[in-house]
**Student:** 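Can you read through this structure? Questions will come right after.
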Amino acid sequence: MPEQLDLNLLRVFDALLREGSVTAASERLHLSIPATSRALGRLRRAMNDPILVRAGRGMAPTPFALRTAPRVRSLLDEASALISADREVTIAELERTFTIRINDGVAATLATAAVEATAAVAPGVVLRFVTEGSESAEALRDGSVDLDIGVGDVAAPDIRTAVLYRERMVGIVRADSALGRHRRPTLRQLCGHPHVSASRRGRARGPLDDALDAAGLRRHVAAVVPTFAVAALLVSSSRYVGLVPRRLAEQYGRTLGIRWFPIPAALPELEVRLLWHARLDADPAQRWLRETIRNTLCAPSVDNPDGSDRSAE
């Protein structure tokens, strides 16, 4: 008779995939090593797959196990939500890893605050941040991602969404550059300097170019980099002009020796959103995390009267 799967075996599977070893999984599950090893044997028979195979001094998951892990995690989340929907969670005793897919420009300003806010009241919680690779909702559906934070918006009935804050792009230059002496550079002045474009898809053109076209102007993009953080670092050590989210420029301007300024064009405002799957609406732990992120990260940025970053002067 084929081995039957149950929630306990699925929890062992999840722990094995997270830890990559029987010993570490046994510690995570508070089981003995022999009991965990026997559970791995049952999993191998039930799934007709080795699950973990020897790789040097450690163990590596099989392709089947990697494909199956998000679905198992999703099932465990649903089971947890079903059991605890009407119960309170003791946050201080919570032990859980939340995977958060996040835009790099957002992560640079929000990750630290989120980690500090959760660690202060829930030391057993781990926030695992992963970069955007695809904005597909499937990662939310299969449980491989718990929350999605970024500027994307998914129009699907099973995906919940909430606006965290609104953001504008600003220009940045090195504080000692010639352009840095202007509090509010004109579009023509911006076009007199080489630009660095931040695009993980490798695009050199953006909304600023549409505004320049309308004004009969054109900029020279000398470099395209994959993230806003890299763009800020490049600007800090060169004569390039960059465009980054305002919060990023405000938070790191003094450290990097850069000045920021408003762009004299009607660039679109960005909505930074929080997305999650509907099955986790009732999960008390995730509900707490969403509320913590909102409370911690929604504080408005401080406006300078003239729109410049005085800290870099």
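FYI, the numbering just counts along the sequence from 1.
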**Student:** Among Asp281, Asp283, Thr161, which residue meets the side chain to side chain donor-acceptor pair (under 3.5 Å) test with Trp276?
**Tutor:**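 Running side chain to side chain donor-acceptor pair (under 3.5 Å) over Asp281, Asp283, Thr161 with Trp276 returns exactly one hit, Asp281.
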**Student:** May I ask you to decide if Ala65's main-chain N or O and Thr62's side chain share a donor-acceptor pair within less than 3.5 Å?
**Tutor:** yes
**Student:** Is there a side-chain contact between Thr68 and Ile51 (heavy atoms, below 4.5 Å)?
**Tutor:** no
**Student:** Please answer: with hydrophobic residues joined when any side-chain heavy atoms are less than 4.5 Å apart, are Leu31 and Leu7 in the same cluster?
**Tutor:** yes
**Student:** If I take atom CZ from residue Arg290 and atom CG from residue Leu164, how far apart are they, to the nearest 0.5 angstrom?
**Tutor:**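 Answer rounded to 0.5 Å: 11.5 Å.
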**Student:** Is a side-chain N or O of Ser21 found less than 3.5 angstrom from the main chain of Met59, in a donor-acceptor match?
**Tutor:**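 No; zero donor-acceptor contacts below 3.5 Å.
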**Student:** Calculate, to the nearest 0.5 Å, the distance between atoms CG and CZ belonging to Asn103 and Arg273 respectively.
**Tutor:** 14.5 Å
**Student:** Do Thr118 side-chain atoms and Val115 backbone N/O form a donor-acceptor pair below 3.5 Å?
**Tutor:**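 Checking the backbone N and O of Val115 against the side chain of Thr118, a donor-acceptor pair under 3.5 Å is found.
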**Student:** Using atom types as modelled and distance alone, determine if a side-chain donor or acceptor of His195 lies under 3.5 Å from a backbone N or O of Val224.
**Tutor:**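 No, His195 side chain to Val224 backbone: no donor-acceptor pair under 3.5 Å.
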**Student:** Going only through I, L, V, M, F, W and Y residues with side-chain contacts under 4.5 Å, is there a path from Val126 to Val145?
**Tutor:** no
**Student:** Are Val121 and Val125 connected into the same hydrophobic cluster when the rule is that any two of I, L, V, M, F, W, Y join if their side-chain heavy atoms are below 4.5 Å apart?
**Tutor:**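 Val125 and Val121: one cluster.
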**Student:** Tell me if the CZ atom of Arg239 is crowded by more than 12 foreign heavy atoms within 6.0 Å.
**Tutor:** no
**Student:** So Leu147 and Ile293, do their side chains get closer than 4.5 Å, heavy atoms only?
**Tutor:**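 Sidechains of Leu147 and Ile293: in contact.
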**Student:** Is it the case that one hydrophobic cluster holds both Phe64 and Val53, taking links as side-chain heavy atoms less than 4.5 Å apart, direct or via other members?
**Tutor:** no
**Student:** With rounding to the nearest 0.5 angstrom, report the CG to CD1 distance, Leu208 to Ile263.
**Tutor:**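 Interatomic distance, Leu208 CG to Ile263 CD1, rounded to 0.5 Å: 6.0 Å.
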**Student:** Hey, is Asp209 close enough to Arg218 for a salt bridge, meaning N to O under 4.0 Å?
**Tutor:** no
**Student:** Is the CG atom of Asn48 crowded by more than 12 outside heavy atoms at less than 6.0 Å?
**Tutor:**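 12 or below, so no.
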**Student:** Let's go through Val130 and Ile102 carefully: what are the C-alpha distance in whole Å and the side-chain angles of both, what is the deciding distance for side-chain contact (heavy atoms from CB on, under 4.5 Å) to 0.1 Å, and is it a yes or a no?
**Tutor:** CA-CA 6 Å; Val130 296; Ile102 192 167; over 6 Å; no
**Student:** Which atom names give the shortest non-hydrogen contact between Gly20 and Leu52, and what distance separates them?
**Tutor:** C-CD1, 4.4 Å
**Student:** For Arg18, does the CZ atom have more than 12 heavy-atom neighbours from other residues, nucleotides or ligands under 6.0 Å away?
**Tutor:**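 Counting other residues, nucleotides and ligands, CZ of Arg18 exceeds 12 neighbours.
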**Student:** Is a side-chain donor or acceptor of Arg203 paired with a backbone partner of Arg200 at a separation under 3.5 angstrom?
**Tutor:** no
**Student:** So for atom CZ, which belongs to Arg128, do other residues, nucleotides or ligands contribute more than 12 heavy atoms lying within a distance under 6.0 Å?
**Tutor:** no
**Student:** So, for Ala92 and Pro123, which heavy atoms are closest and what is the spacing to 0.1 Å?
**Tutor:** O-CD, 4.0 Å
**Student:** Give the intermediate values and the outcome of side-chain contact (heavy atoms from CB on, under 4.5 Å) for residues Leu190 and Leu179.
**Tutor:** CA-CA 8 Å; Leu190 290 180; Leu179 191 60; 3.8 Å; yes
**Student:** side-chain contact (heavy atoms from CB on, under 4.5 Å), that's the test. Do Leu140 and Ile159 meet it? Break it down for me.
**Tutor:** CA-CA 8 Å; Leu140 292 170; Ile159 302 299; 4.1 Å; yes
**Student:** Rounded to the nearest 0.5 Å, what's the gap from CD on Glu95 to CZ on Arg28? Could you check?
**Tutor:** 8.5 Å
**Student:** Please check: side-chain N/O of Ser238 versus main-chain N/O of Leu234, any donor-acceptor pairing under 3.5 Å?
**Tutor:**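 Pair found, side chain donor or acceptor close to backbone of Leu234.
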**Student:** Could you tell me whether the side chain of Thr255 and the main chain of Tyr252 form a donor-acceptor pair under 3.5 Å?
**Tutor:** no
**Student:** To check you understand the geometry: which heavy-atom pair defines the closest contact between Gly105 and Pro245, and what is its length?
**Tutor:**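 What the structure gives for the nearest pair is CA-CG, 4.4 Å.
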**Student:** Measure across Arg101 and Ala139 and return the closest heavy-atom pair with its distance rounded to 0.1 Å.
**Tutor:**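 Of all heavy-atom pairs spanning Arg101 and Ala139, the closest is NH1-CB, 3.8 Å.
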**Student:** For the side chain of Ser237 and the backbone of Leu233, is there at least one donor-acceptor N/O pair under 3.5 Å apart?
**Tutor:** yes
**Student:** How many angstroms lie between atom OH of Tyr240 and atom OG of Ser197, to the nearest 0.5 angstrom?
**Tutor:** 12.5 Å
**Student:** Do the side chains of Ser236 and Arg174 get nearer than 4.5 Å, heavy atoms only?
**Tutor:** no
**Student:** If you take all heavy atoms of Leu110 and Ile149, which pair is closest and at what distance?
**Tutor:**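 So the minimum-distance heavy-atom pair works out to CD1-CG2, 4.5 Å.
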**Student:** Does the side chain of Pro61 come within less than 4.5 Å of Leu66's, by heavy atoms?
**Tutor:** yes
**Student:** Could you go through the side-chain contact (heavy atoms from CB on, under 4.5 Å) check for Arg184 and Phe261 one step at a time?
**Tutor:** CA-CA 6 Å; Arg184 293 176 177 269; Phe261 49 85; 5.9 Å; no
**Student:** Under a 4.5 Å side-chain heavy-atom rule over Ile, Leu, Val, Met, Phe, Trp and Tyr, are Phe13 and Ile33 clustered together?
**Tutor:** yes
**Student:** I need the single residue from Ile100, Thr99, Asp146 that forms a side chain to side chain contact (heavy atoms under 4.5 Å, CB included) with Leu127. Which is it?
**Tutor:** Ile100
**Student:** Does the Asp14 side chain pair with the main chain of Leu10, one donor and one acceptor, at a distance under 3.5 Å?
**Tutor:** no
**Student:** Do Leu270 and Arg166 come within less than 4.5 Å of each other through their side chains, counting heavy atoms only?
**Tutor:**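 The answer is no, as the side chains (C-beta and beyond) never meet within the 4.5 Å cut-off.
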**Student:** Can a donor-acceptor pair be found, under 3.5 Å and without considering hydrogens, that links the side chain of Arg259 to the backbone of Ala175?
**Tutor:** no
**Student:** Would you say that Val196 contacts Val221 through its side chain, given a criterion of any heavy-atom pair below 4.5 Å between the two side chains?
**Tutor:** no
**Student:** Under the 6.0 Å and 45° cation-pi test, does Arg247 pair with Tyr165?
**Tutor:**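 Ring-cation test returns yes.
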**Student:** Would you call Arg246 and Glu250 a salt bridge, using N to O less than 4.0 angstrom?
**Tutor:** yes
**Student:** So do the side chains of Thr36 and Leu40 get within less than 4.5 Å of each other, counting heavy atoms only?
**Tutor:**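 The answer is no, as the side chains (C-beta and beyond) never meet within the 4.5 Å cut-off.
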**Student:** Ignoring hydrogens, what is the shortest heavy-atom contact between Val22 and Ser37? Give both atom names and the distance.
**Tutor:**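 Taking every non-hydrogen atom into account, CG1-N, 3.9 Å.
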**Student:** Measuring only between side-chain heavy atoms, which start at C-beta, is Thr227 closer than 4.5 Å to Thr131?
**Tutor:**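 Contact flag for Thr227/Thr131 side chains = no.
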**Student:** Atom CZ of Arg11 and atom CG of Leu16: how far apart are they, to the nearest 0.5 Å?
**Tutor:** 14.0 Å
